[in-house]
Number of protein chains: 2
Amino acid sequence: MRGEIIAIGDELISGRIMNSTSRLAARRLFLLGYEVRIMQNIGDDTGLIGQTLLTALARADFVLVTGGLGSTDDDLTTAAAASALGLGTAEHPQVLARLQARLAAEGRQAEFNMANIARFATLPENATLLDDEYRMAGYLLFYQEKPIWFLPGVPSQMATLFENKVIPELLRLAPPPPVHQQIYRSCGLKELAINVMLKPLEEQAGIEIGYYPAGWEVDVSLTARHNSPQQAHALYQQADAFIRTQLGDNLFGEGEQGLPLAVGHLLAQCGKRLVVAESCTGGLLAACITEIPGSSAWFEGGVVVYSNRLKENLLGIDPTLLASQGAVSEACARAMAGQALNRLQGDVAIAVTGIAGPDGGSADKPVGTVYLALADKNGVSTQCVHLHGSRREIQIQTVQRALDMVRRSLLTTNAY
Amino acid sequence: MRGEIIAIGDELISGRIMNSTSRLAARRLFLLGYEVRIMQNIGDDTGLIGQTLLTALARADFVLVTGGLGSTDDDLTTAAAASALGLGTAEHPQVLARLQARLAAEGRQAEFNMANIARFATLPENATLLDDEYRMAGYLLFYQEKPIWFLPGVPSQMATLFENKVIPELLRLAPPPPVHQQIYRSCGLKELAINVMLKPLEEQAGIEIGYYPAGWEVDVSLTARHNSPQQAHALYQQADAFIRTQLGDNLFGEGEQGLPLAVGHLLAQCGKRLVVAESCTGGLLAACITEIPGSSAWFEGGVVVYSNRLKENLLGIDPTLLASQGAVSEACARAMAGQALNRLQGDVAIAVTGIAGPDGGSADKPVGTVYLALADKNGVSTQCVHLHGSRREIQIQTVQRALDMVRRSLLTTNAY
C-alpha cells in the first residue's frame, strides 16, 4: 500500500515555513508499515496542484494533500482538485449554517465575509467532511477507488484529523502488511560502533536496521517484515532482544521518548528532584526539561549564571577561582554543581560551563570545550568534553551530555 | 529562472528526519528572486531518483539535489543520476589521494574501507567537485545546458556549499529578474489588522504581500517586480516606506533578525543589561536570548524558579503572597521582576509566571493564563495575557511577549 504526500502553500516553496506536517504523517505511516515514496511541496498554483495530484494518483494507492483549504483567495486546493479530477463542487448548507452559528457565538463574524465562509462550506461532490463538528476544513474523496485525504495546513488541525480520522480509516481500508518496528534511542556509542555490533542482524532476511545520529544521540530503527505474521513477530522479538543486549545501558528510550523524559522517569522512580546551573547552555537545559508536561514533579528549577558576576552572586563561586582557573574550568563546574545542590536544595545538581562560540575560544580552551559536573549526596563528579559544530549545535550536545550524565548516575544509584 | 529541489534519503520519507536543507535553499533562492515551484523528498531508490531528476529537468531551468552522496551502500544518488542522464562515471585519482591522506592524518582509516573511499571519489563524467579541499561530497553537472547541483544531505555541509558555491555560480549563470524583496518582522498587530492596513498595496501591480503569523509575531513579506530595474526599485521603495509607516513600532526587525536580536541591539545601544526570572517558560526565554552570539554583552543571566520553594529561596518571594494569591498572579510576577532586578543586578528585569498546561488550569485561571512583569529603575509594569495552543506553543508565545515587553520599554526609555 503506497502513499504520497502533497503539501500545498507558497509559504513552503518560498521556504518561509518548515513543512512539519508531511514529516509527521510520513513518520506515522512508516511506523504503521505503509510506504511513502514521495513527499512534495508545491505552491498555491491551480494548474500545478491538479497536475501533481493526478501524477500522484497514477503512482500511489492513497494520497494525502495538506494546505490551501483556508478561506482566503490564495487557498485554491479544493477548486484545483475538483477540476483536475473532473468533479463538480457543491456548497453544503448544513456546514454553512454551523459555521455561521459558531462564528456568531464567538463574535468573530467580522473576521470573515460571506465569500470566505462559503469557501469553507464548498466541497467537491461526494466529498466527506472529516470533522463532525465542522470546526476545521478537511475531507475524504475517492477517485477510481483510491482515497485522497485533504487536510488543513495548520499543523495542530492537520495532526488532529490525521490521527483521529485518516489513520483509522486507512487501517480499515488497507491493513498494513505484517511488520514490526521499533525506534531505539541511545547515547554513549558512536554510530559506527553500533553499526558493527548490529552487523549480524543486518545480514538477516526480513530485517532492516537504520541509524540516525543526532549530536550525542544515535537512534536505531528496527523493521521486521515477513509474509507470515507469526514469523514477522518472531523475527522482531529476536532482533529486539539482540539490540537491547548490545546497546545495554546506552539505550535510554524508545520511539518519541527523549532524554529529558528518560531522566524524569528515573528521578520520579527514586523520588529525587533535579536542579541545574547553566552557563554556556544559557537556559536550554532547563528549557528541554520543562518542555515535558509534569516535569515539575521532579524538576525544581535552576540558575542561568551567564556572567561571572552572577556565578559569584547567585552561586557564591569564589572570585579568586574564576580569576585563577577561569569560568570554563573543571573547578568552576565542580563549584557550580556543589553550590547549586546546596542553594537550590535539589537531590541531584548538574552544572555546565563551556565555550559555545563562535568567539571566546583559545589555544588551550578552543570553542567546544565544555566542563560538566554532577553533585549529589555521594559527592561531585566531573567530565570535560570537546564538541564540534555551530554555537547552537554545541549547546544542544552539551544539554544531551548533561542529561545523560544525570541518567547514568541515577542508573547506578537506583541499582543500590 | 525556475528551479526544483530534490532531497534524497529514506530518513526523509520515513519521517525520521525533518528536511531542513531544502527549506534553507528555497528561502535563500526566493529572497534572491528565483522561483522554486516544487520541492520533493524521495527515498534511496535508484529508479525513482533517475525518474524524478529527469522530470525535474524537463520542467525547470536548474535543479538542486541533496543527499545520497555518502560512502555507505544506501548512497545511490551518483550512480542513479549518471545512468538516468546516460553519463559514465569516473574515479578521480587526485580526490582519492587527498581523501586517503586526510583520513590517515586524522587516524580515521579504520572507519572506511577502500570501497567506501572509492565511492567518494567516483563522479559522473564532466562533473566539477564543489569543495576545492575535497572535504565533502558535492558537485556541479550540466545536462543540456541546465545546471544540476548535487550536495551532501548533512545540513552543515549542504549549507556551506550552497552559500559559497551554488549561489555565486547561479547568480553568474542566470542573474535573477529585477525583484526587490523584504521580510518585515512585527509583533503587536494581528494578521488581519495588518492585512487591512496594507490592502492598498496589495491592489498595486507588481507588488506581492505575504503574511506569516507565528505566535505573537507576524512576518510580512514584500515582493516588488518590474521589467525595468528602475521601476522595480521605485515600486519597492514606495511600498517599503508605506509598510514601515503602517507597522510603526510594531516593526522590530527585518529578514532573519528575530526578537532576541532586536532586544539585544536596543540594550547595547543604551548600555543596559537584562536579567530574567522564569517560571512557566522554564528557561526557554534565557535559551532564546543566549542562542545569539555575543549576547553576553547585554544579558546577565536569570533564574528558573520552577518550584514555589525556589521562588522563595532564590528570589525571596513572600510565602504568604504565594499562599494567598498563588504563584500565577500579578503580585507574584511583580515581586519576581522586582527581586530579579535587585538580586541579579540587571538594569532591566523581566519575569513570567503562568500555566503552560496541559494540566494545572482552573476556572478562574485556565491553561494559557500568563502574567508578565518588567522592572527597571522607573518601577514595575505588568501584563496579563491569555494564550492558546500546546504547552510548547504557550511557552513560545510567552517568550515572544516577554521580549516584546522589554523591547517596547526600551523604545520608550531610549527615546528620552
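Here is the naming used below: chain letters follow the sequence lines, and residue numbers restart at 1 for every chain.
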Using heavy-atom distances under 4.5 Å, tell me whether [X] contacts chain B through its side chain, its backbone, both, or neither.
X: A/F30; result: side chain
X: A/R273; result: side chain
X: A/I8; result: neither

Contact origin within [X] toward chain A - heavy atom pairs under 4.5 Å:
X: B/S20; answer: both
X: B/Q345; answer: both
X: B/I396; answer: neither
X: B/S295; answer: both
X: B/R37; answer: both
X: B/L12; answer: backbone

Which heavy atom of [X] sits nearest to which heavy atom of [Y], and what is that distance?
X: B/Y212; Y: A/E11; result: CE2-CB, 3.4 Å
X: B/S307; Y: A/E300; result: OG-OE2, 2.6 Å
X: A/G283; Y: B/A287; result: C-CB, 3.8 Å

Output the option from [options] having the highest count of non-hydrogen pairs under 4.5 Å with chain B.
options: A/V36, A/D10, A/T281; value: A/V36
options: A/G210, A/S221, A/S390; value: A/S221
options: A/Q40, A/K311, A/E35; value: A/Q40
options: A/C288, A/G282, A/A7, A/G294; value: A/G282
options: A/T52, A/N308, A/L314; value: A/L314

> Counting N and O atoms only, with roles assigned by atom type, does the side chain of B/Q395 sit under 3.5 Å from a partner on the main chain of A/T290, one being a donor and the other an acceptor?
Replying inline: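 Yes; at least one donor-acceptor contact below 3.5 Å.
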> Within the side chain of A/R16, is there an N or O that forms a donor-acceptor pair under 3.5 Å with the backbone of B/R27?
Replying inline: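 No; zero donor-acceptor contacts below 3.5 Å.
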> When A/I38 is tested against each of B/D45, B/L48, B/I13 for side-chain contact (heavy atoms from CB on, under 4.5 Å), which residue passes?
Replying inline: B/L48
> With chain A, which of B/S14, B/S156, B/G43, B/S296 has the greatest number of heavy-atom pairs at distances under 4.5 Å?
Replying inline: B/S14
>> Counting heavy-atom pairs under 4.5 Å with chain A, which one of B/L310, B/V303, B/I42, B/I289 comes out on top?
In response: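 Top count of heavy-atom pairs under 4.5 Å with chain A: B/L310.
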>> By the salt bridge (Lys or Arg N to Asp or Glu O under 4.0 Å) test, which pairs, at least two apart or in different chains, include something from residues 281-290 of chain B?
In response: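 Pairs touching residues 281-290 of chain B that pass the test: none.
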> Can you tell me how far CG of A/N41 sits from OG of B/S22, rounded to the nearest 0.5 angstrom?
Replying inline: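 These two atoms lie 8.0 Å from each other.
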>> The test is side-chain contact (heavy atoms from CB on, under 4.5 Å); show your working for B/V304 and A/F299 and say whether it passes.
In response: CA-CA 10 Å; B/V304 181; A/F299 181 65; 4.3 Å; yes
> Quick one: does A/N313's side chain get under 4.5 Å of B/L344's, heavy atoms only?
Replying inline: no
